[in-house]
Amino acid sequence: MGSLDERMDSGEMAMAEPLRVGLIGAGGISRQHLPGYQLDPERVRLAAVCDIREEAAQEFAGEADIDASAIFTDAREMCELADIDAVDICTIHDTHAELAIAAARAGKHVLLEKPMAISVDECRAIVEATEEAGVTFMVAQHLRHVPSYVALRRRIQAGELGRIWSARTDTFLTAALEDPNQPIALPSGWWGFDGKRGGGGVVTLLSVHHLDLMRFFVGEVVRVEARAWRGHPSFTNDAEDRAVATLEFANGAIGTLTASLTSRAPWLFQTVILGDQGAAWTPPPEENTPLMWHRIPAVMTSAQQEGDESFDPTTSFRPVDTSDVSLPTMNPYVNEIAHFAACCEDGAEPVSGGRDNLETMKIVFGIYESAQTGRVVELGEL
Ligand SMILES: NC(=O)c1ccc[n+]([C@@H]2O[C@H](COP(=O)([O-])OP(=O)(O)OC[C@H]3O[C@@H](n4cnc5c(N)ncnc54)[C@H](O)[C@@H]3O)[C@@H](O)[C@H]2O)c1
């Protein structure tokens, strides 16, 4: 089975039969998942699709070469009738728990888009249902499958940055401004701005990626304090368009998060990790196309590099060396599907399995509780 890091290198998987997957929710993100099923259909392939909008399911089936007899508008029916081993749930947040639990009870392995669900109770119910059913369950935290992030985690765990004392993440996306010049402009009334459907606002939509990445790099968070801004006209049902949080990690490091969907600022997704022997940064890309945001290399500087006279660690960062990482591609969405298929095959726990992802979701809901009560929230109590 190998260590967690070895399992990140999913190239060693040897499958007798391909894993047959039914995709649920043929919307935006499904198109990023599709190449993951086209990379090596002898290992993992799409065999069915379901969307409550029949035309969306049909369109996707055409693109994915799925037989007309395997197009569904009801996910339970798909699980009952289609010849599939697993589901890939790409729907809106308030449907995640119901769909994941039903699929697990039907004996299907479950790959579920982030965020796992819209409350801690729902997340726990999914984890328990998938464990009871004995199926593989993985939350699609695709940033854990960016090759340079995997390499950076290894460097941090090997102690190259020394003792980590600070982690910071910024998530600014102007998607809610309804400005046609923005690379992504989402209309008011979009489900992601509706607290009931989305389970929150910018934190559940976007920051969940970077909170999970900070855990991946630094470890567990034990308590949080946060403030959230609500009331922007594009947002309904208490969804926050901006948030700021302080996180205390179990190892004593302090993290900060700043997130906004409405500040008039350039797009910015970045994470900075500071240790007493070095620093690392996941810098924003120069190009503002959505896929570019997940293909940029992490950079770092550390005392270990000081022996190299051509490099000044006080003024520059260097790309993290990825030569010991053997993920299938540079595309994290493709890599996460290969990893899921490998785990379904050999029974290994995925890198973002249910118990692991519950800890990310506790940070999300801890931020909401703190923003509501004005108090520090102990995540162990959630
Ligand atoms: N990892 C990433 O980078 C990333 C990016 C975007 C979205 N996401 C996540 O992916 C998920 C979907 O987001 P999206 O942007 O693709 O949304 P979307 O609105 O574009 O697509 C959702 C699709 O699900 C369908 N649907 C809704 N309820 C359903 C049900 N009960 N059964 C079957 N189909 C149903 C809708 O008709 C729609 O076609 C969300 O969890 C979102 O947070 C992840």
Side-chain angles (χ1 to χ4, degrees), residues 22-36 48-61 63-64 70-79 82 87-103 110-118 122-123 126 138-146 149 171 173 175 183-187 189-213 239 261 267 269 289-296 331-337 339-340 352 357 360-361 364:
L23 183 131
I24 308 175
I29 197 63
S30 69
R31 268 52 183 198
Q32 303 300 339
H33 287 214
L34 183 52
V49 61
C50 168
D51 198 295
I52 47 173
R53 296 180 300 125
E54 191 172 3
E55 69 285 4
Q58 276 167 349
E59 193 182 329
F60 185 85
E63 289 169 37
I71 299 174
F72 296 85
T73 53
D74 182 291
R76 282 174 198 267
E77 205 174 291
M78 181 179 82
C79 287
V87 295
D88 178 355
I89 301 173
C90 296
T91 57
I92 295 163
H93 307 170
D94 64 341
T95 65
H96 285 186
E98 190 190 337
L99 291 168
I101 291 169
V110 177
L111 175 63
L112 173 62
E113 256 304 339
K114 49 54 64 175
M116 191 188 329
I118 60 171
E122 277 197 353
C123 292
I126 298 175
M138 172 172 149
V139 179
Q141 299 284 179
H142 72 285
L143 294 184
R144 291 189 178 212
H145 303 270
V146 173
Y149 296 178
T171 331
L173 184 69
I184 293 182
L186 296 161
W190 178 61
W191 64 260
F193 302 156
D194 176 347
K196 267 196 188 146
R197 305 227 66 192
V202 65
V203 178
T204 44
L205 269 176
L206 286 181
S207 302
V208 66
H209 286 298
H210 302 90
L211 291 169
D212 187 69
L213 192 63
L261 281 166
W267 283 28
F269 293 170
T289 58
L291 253 191
M292 278 305 295
W293 284 82
H294 306 303
R295 292 191 182 183
I296 29 150
N331 182 334
Y333 296 107
V334 170
N335 296 344
E336 78 183 350
I337 285 163
H339 178 67
F340 173 66
S352 49
N357 200 253
T360 293
M361 296 310 296
V364 169

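Basis for what follows: all heavy atoms, side chains included, without hydrogens, waters or symmetry-related copies. Counting starts at 1 for both ligands and their atoms, in listed order.
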Give the atom numbers and elements of ligand 1 that come within less than 4.0 Å of a heavy atom of [X].
X: His209; result: 1 (N), 2 (C), 3 (O)
X: Ile24; result: 32 (N), 33 (C)
X: Gly27; result: 16 (O), 20 (O), 21 (O), 23 (C), 39 (O)

Looking at [X] and [Y], would you say the former's side chain and the latter's main chain have a donor-acceptor pair under 3.5 Å?
X: His96; Y: Pro115; answer: yes
X: Ser352; Y: Val139; answer: yes
X: His33; Y: Tyr333; answer: no

Quick one: does [X] get an N or O within less than 3.5 Å of an N or O on ligand 1?
X: Trp190; result: no
X: Thr91; result: yes
X: Thr95; result: no
X: Gly28; result: yes
X: Ile29; result: yes

Could you state the interatomic distance from [atom1] ([X]) to [atom2] ([Y]), rounded to the nearest 0.5 Å?
X: Leu34; Y: Phe60; atom1: CG; atom2: CZ; value: 4.5 Å
X: Thr95; Y: Ile24; atom1: OG1; atom2: CD1; value: 8.5 Å
X: Glu122; Y: His93; atom1: CD; atom2: NE2; value: 12.0 Å

[X] near ligand 1 by a heavy-atom separation under 4.0 Å:
X: Leu205; result: no
X: Ala75; result: no
X: His96; result: yes

(request) Locate the shortest heavy-atom distance separating Asp51 from Gly27; write the atom from each residue and the value. (result)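 So the two residues come closest at OD2-N, 4.3 Å.
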(request) Return the minimal non-hydrogen interatomic distance between His209 and His142, and the atom names on each side. (result)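 Minimum heavy-atom contact is CE1-CE1, 3.4 Å.
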(request) If the plane angle is over 60° it's perpendicular, under 30° parallel, otherwise tilted; pick one for His339 and His145. (result)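 Geometry flag for His145 against His339: tilted rings.
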(message) Using heavy-atom distances only, which candidate in Arg76, Glu54, Glu98, His93 approaches atom 43 (O) of ligand 1 most closely?
(response)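 Answer by nearest heavy atom: His93.
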(request) Ignoring hydrogens, just give me the one of Ile92, Ile52, Leu143 whose non-hydrogen atom is nearest atom 32 (N) of ligand 1. (result)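 Shortest heavy-atom distance from atom 32 (N) of ligand 1: Ile52.
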